[in-house]
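Predicted, not measured: the structure shown is a model, and the values here were computed from it. In listed order, ligands and their atoms are each counted from 1.
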Amino acid sequence: MSAAVSLSASGAKVERLALSRFTTLGVGGQAEVWTVENHAQLSEAMSAPYRILGGGSNLVIADEGLKERVIRLGGEFAATDLQAAPESTAEHFISGWVGGGVPLPGLLRKLRTLGLSGLEGTVGVPAQVGGAVWMNAGTRFGEMFDGLFALEIATPEGVSQLSPDELPWGYRDSAIPRNHIVTRVRLQLTRSTPEAVSAKMQNADTSRKGQPKMKTPGCAFKNPGGVGAGKLIDDAGLKGTQIGGAMISPDHANFIVNLGGAAASDVHALLELIRQRVGVPLELEYELWP
Ligand code: FAD
Ligand code: EPU
């Protein structure tokens, strides 16, 4: 039986859904999900406690679900305008608005076809544009802030536009406060060729060869500088450790994978074990909801 769908006063779609279907870990209980297509709907959705969900690729959501409503970006926030804007030059391409709800992998495929360079380092990140910007997702080959010209951010107080230079962004950090919603961005890229962009993407993608192909929210911990978190967890002898349906991947120790039927609490327990056994303070990369 399908879940009941209702429309809010401004026309947003409101449904009670299991969030497991929206996370790459495949874990998460129910919440009221608001799918918003324009600013009027988003504004109404933000009038009560909320969380903004992107591609769900960095989240561990409790099996009990969430009491806050969960906002998903659709409609104009999932549209892509890759026409060259008037600010473009012979060398640089400035795009129109690209929605925060646009899947990043599809956007990168379009940029490759158009021969637009700058975001190749983010290849393989299974995020939405808004989530990838909020985290400044990337690899050692590059990150989201390498290709941004402007951002639009919505909060319950209103909508604002800013330049990336106004944010003190860094490694896996945009400096955008939590729950400030990245609704759209404009890209700043270099004109290149499809062949050259493709070669850069393939090069960046080779660094993922050792990563597991199972359900996972990506790397558990940020690299603490110097030695990577994966190496530290590996050196602690924790690869392959299993709690319930979750396991520290034998392929790469900074990935916790869902063997099938994992509970959020299984992942929490593995994170705690890692923290106890690795002698260096580790900062969590993904988010535990609530
Ligand atoms: P979600 O997981 O949905 O949310 C994560 C956080 O972003 C939450 O706080 C959420 O509220 C916030 N958020 C989401 N959308 C918005 C928005 N529109 N505005 C404001 N805040 C928002 N990350 C890397 O950096 N590099 C990698 O190489 C990488 N590889 C990965 C490989 C795999 C297989 C997986 C599963 C994950 C990987 N990740 C990687 C982690 C993940 O893809 C990134 O952290 C990504 O930025 C999460 O984006 P998302 O849209 O999925 O956000
Ligand atoms: N290593 C081990 N054992 C392991 C894992 C790694 O010894 O179990 C060693 C590797 O042999 C290598 C070094 O650690 O010498 C670094 O490993 P890797 O190249 O896999 O890079 P990483 O630092 O572990 C980072 C990002 C990834 C990103 C890759 C590729 C972080 C926390 N992780 O991983 O990002 O995809 O580089 O560029 O910054 C993510 O953030 O979710 C993520 C997956």
Side-chain angles (χ1 to χ4, degrees), residues 19 22-26 28 36 42 46 50-61 66 68 70-74 77-78 98-105 121-145 151-155 171-174 176-185 203-240 248-258 282-289:
L19 299 175
F22 299 119
T23 62
T24 54
L25 178 64
V36 300
L42 178 57
M46 289 189 293
Y50 66 89
R51 292 172 187 261
I52 172 72
L53 177 69
S57 63
N58 208 30
L59 295 176
V60 180
I61 302 179
L66 303 171
E68 301 87 357
V70 166
I71 300 176
R72 299 189 74 224
L73 298 176
F77 305 125
V98 175
V102 169
L104 182 61
T122 65
V123 72
V125 177
Q128 290 184 357
V129 167
V133 167
W134 188 77
M135 265 298 286
N136 189 20
T139 62
R140 60 181 158 279
F141 299 93
E143 55 199 348
M144 282 309 288
F145 272 69
L151 301 91
E152 181 184 86
I153 293 182
T155 69
Y171 165 67
R172 298 288 192 278
D173 182 16
S174 65
I176 299 167
R178 178 174 314 280
N179 271 345
H180 285 211
I181 299 182
V182 179
T183 41
R184 308 188 294 177
V185 298
N203 185 40
D205 213 25
T206 54
S207 68
R208 292 183 177 279
K209 274 217 302 272
Q211 296 181 2
K213 305 277 178 283
M214 299 174 75
K215 289 182 176 178
T216 172
C219 283
F221 295 100
K222 296 184 183 184
N223 283 337
V227 182
K231 172 123 182 51
L232 291 169
I233 302 165
D234 190 358
D235 289 349
L238 290 170
K239 265 186 175 173
I248 299 175
S249 170
D251 298 320
H252 191 301
N254 202 14
F255 283 79
I256 293 175
V257 295
N258 182 355
L282 290 174
E283 186 188 345
L284 200 61
E285 176 169 317
Y286 38 74
E287 302 218 338
L288 312 180
W289 283 8

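- Asp234 places no side-chain N or O within 3.5 Å of a backbone atom of Lys239 that could act as its donor or acceptor partner.
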For the pair Asn223 and Tyr171, evaluate side chain to side chain contact (heavy atoms under 4.5 Å, CB included) and give the outcome as yes or no after the intermediate values. CA-CA 9 Å; Asn223 283 337; Tyr171 165 67; 3.6 Å; yes

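- Checked by distance only, ligand 1 and Asn136 stay at 3.5 Å or farther apart across all their nitrogen or oxygen atoms.
- Residue Glu143 places no heavy atom under 4.0 Å from ligand 1.
- Residues in residues 210-233 take part in these salt bridge (charged side-chain N to carboxylate O under 4.0 Å, His left out) pairs, two or more places apart or across chains: Lys222-Glu283, Lys231-Asp235.
- The protein heavy-atom contact nearest to atom 23 (N) of ligand 1 is Glu285 OE2, 3.8 Å.
- Using a 4.0 Å cutoff on heavy atoms, Phe141 does not count as a contact of ligand 2.
- The protein heavy-atom contact nearest to atom 19 (N) of ligand 1 is Val182 N, 2.8 Å.
- Ranking the protein heavy atoms by distance from atom 8 (O) of ligand 2 puts Ala253 N, 2.8 Å first.
- Residue Gln128 has at least one nitrogen or oxygen atom sitting less than 3.5 Å from a nitrogen or oxygen atom of ligand 1, judged on distance alone.
- Nearest to atom 52 (O) of ligand 1 among the protein's heavy atoms is Ser57 OG, 2.6 Å.
- Atom 16 (C) of ligand 2 is not flagged as protein-proximal [any protein heavy atom, distance under 4.0 Å].
- In terms of polar-atom proximity, defined here as any N/O pair under 3.5 Å, Gly54 does make such a contact with ligand 1.
- When non-hydrogen atoms are compared, ligand 2 lies under 4.0 Å from the side chain of Asp234 (C-beta onward) but not from its backbone.
- In this structure, CG in Asn179 is found 4.5 Å from OH in Tyr50, a value given to the nearest 0.5 Å.
- Atoms of ligand 1 found under 4.0 Å from any heavy atom of Arg178 (numbered from 1 in listed order, with element): 9 (O).
- Taking distance alone, with nitrogen or oxygen atoms compared against 3.5 Å, Gly228 stays at or beyond that limit from ligand 2.
- Checked by distance only, ligand 1 and Gly56 come closer than 3.5 Å through their nitrogen or oxygen atoms.
- For a threshold of 3.5 Å applied to N or O pairs, the pair formed by Ala127 and ligand 1 contains no separation below that value.
- Scanning all protein heavy atoms for the shortest distance to atom 30 (C) of ligand 2 gives Ser207 OG, 3.3 Å.
- For atom 13 (C) of ligand 2, no protein non-hydrogen atom is found at a distance below 4.0 Å.
- At a threshold of 4.5 Å between non-hydrogen side-chain atoms, the residues Thr139 and Val123 do not count as touching.
- For ligand 2, the atoms closer than 4.0 angstrom to any heavy atom of Phe221 are 32 (C).
- In the vicinity of Thr139, heavy-atom distances shorter than 4.0 Å reach the ligand 1 atoms 28 (O).
- Between Thr139 and ligand 2, not a single N/O pair is under 3.5 Å apart.
- In the vicinity of Val125, heavy-atom distances shorter than 4.0 Å reach the ligand 1 atoms 26 (N), 27 (C), 28 (O), 29 (C), 43 (O).
- Of the protein's non-hydrogen atoms, the one nearest atom 51 (O) of ligand 1 is Gly55 N, 2.8 Å.
- Listed by number with element, the atoms of ligand 1 under 4.0 angstrom from any heavy atom of Ala137 are 24 (C), 25 (O), 47 (O).
- With hydrogens and angles disregarded, a donor-acceptor distance shorter than 3.5 Å links the side chain of Thr216 to the backbone of Ile256.
- For the residues Glu285, Gln211, Met135, the heavy atom positioned nearest atom 28 (C) of ligand 2 is part of Gln211.
- Inter-residue side-chain proximity for Asp251 and Val257 is flagged as unmet; no heavy-atom pair is nearer than 4.5 Å.
- Among the atoms of Tyr171, some N or O lies under 3.5 angstrom from an N or O of ligand 2.
- Remark: minimum distance from atom 28 (O) of ligand 1 to any protein heavy atom is reached at Arg208 NH2, 2.5 Å.
- Every atom of ligand 1 is numbered from 1 in the order shown, and the set under 4.0 Å from a heavy atom of Arg172 is 24 (C), 25 (O), 26 (N).
- In terms of protein heavy-atom proximity, atom 33 (N) of ligand 2 is nearest to Cys219 SG, 3.4 Å.
- Looking at Asn136, its side chain does come within 3.5 Å of a backbone N or O of Phe145 through a donor-acceptor pair.
- In His180, the part holding a heavy atom less than 4.0 Å from any atom of ligand 1 is the backbone.
- Distances between N or O atoms of Cys219 and those of ligand 1 include no value under 3.5 Å.
- Looking only at heavy atoms of the protein, atom 19 (O) of ligand 2 is closest to Arg140 NH2, 3.2 Å.
- For ligand 1, the polar-atom distance check against Asn58 finds a nitrogen or oxygen pair separated by under 3.5 Å.
- Nearest to atom 12 (C) of ligand 1 among the protein's heavy atoms is Trp134 CE3, 3.8 Å.
- Considering both main-chain and side-chain atoms, Ile52 comes within under 3.5 Å of ligand 1 through a nitrogen or oxygen pair.
- Considering backbone and side-chain N/O of Thr24, none are found under 3.5 Å from N/O of ligand 1.
- In this structure, OH on Tyr286 lies 12.0 Å from OG on Ser57, to the nearest 0.5 angstrom.
- Close N/O approach between Trp289 and ligand 1 is not found [any backbone or side-chain N/O within under 3.5 Å].
- Taking each of Lys239, Arg172, Arg208, His252 in turn, the one with a heavy atom nearest to atom 27 (C) of ligand 2 proves to be Arg172.
- Near Leu73, with a cut-off below 4.0 Å to any heavy atom, the atoms of ligand 1 are 18 (N).
- Residue contacts with ligand 1 include Glu287, since one of its heavy atoms falls under 4.0 Å from the ligand.
- Between the choices Asn223, Asp205, Val227, the shortest heavy-atom distance to atom 23 (O) of ligand 2 belongs to Asn223.
- Of the options Pro177, Gly131, Ser207, the smallest heavy-atom separation from atom 13 (N) of ligand 1 is shown by Gly131.
- Atoms of ligand 1 found under 4.0 Å from any heavy atom of Ile181 (numbered from 1 in listed order, with element): 19 (N), 20 (C).
- Residue Leu53 holds its CG atom at 9.5 Å from CG of Leu66, rounded to the nearest 0.5 Å.
- On a distance-only criterion, Asp251 and ligand 2 share no N/O pair closer than 3.5 Å.
- Heavy atoms of Phe255 found under 4.0 angstrom from ligand 2 belong exclusively to the side chain.
- Near Gly138, meaning under 4.0 Å from one of its heavy atoms, ligand 1 places the atoms 24 (C), 25 (O), 26 (N), 27 (C), 28 (O).
- Between Lys222 and ligand 2, no N or O atom pair is found at a separation short of 3.5 Å.
- Atom 36 (C) of ligand 1 has Thr216 O, 3.1 Å as its closest protein atom, hydrogens excluded (heavy atom only).
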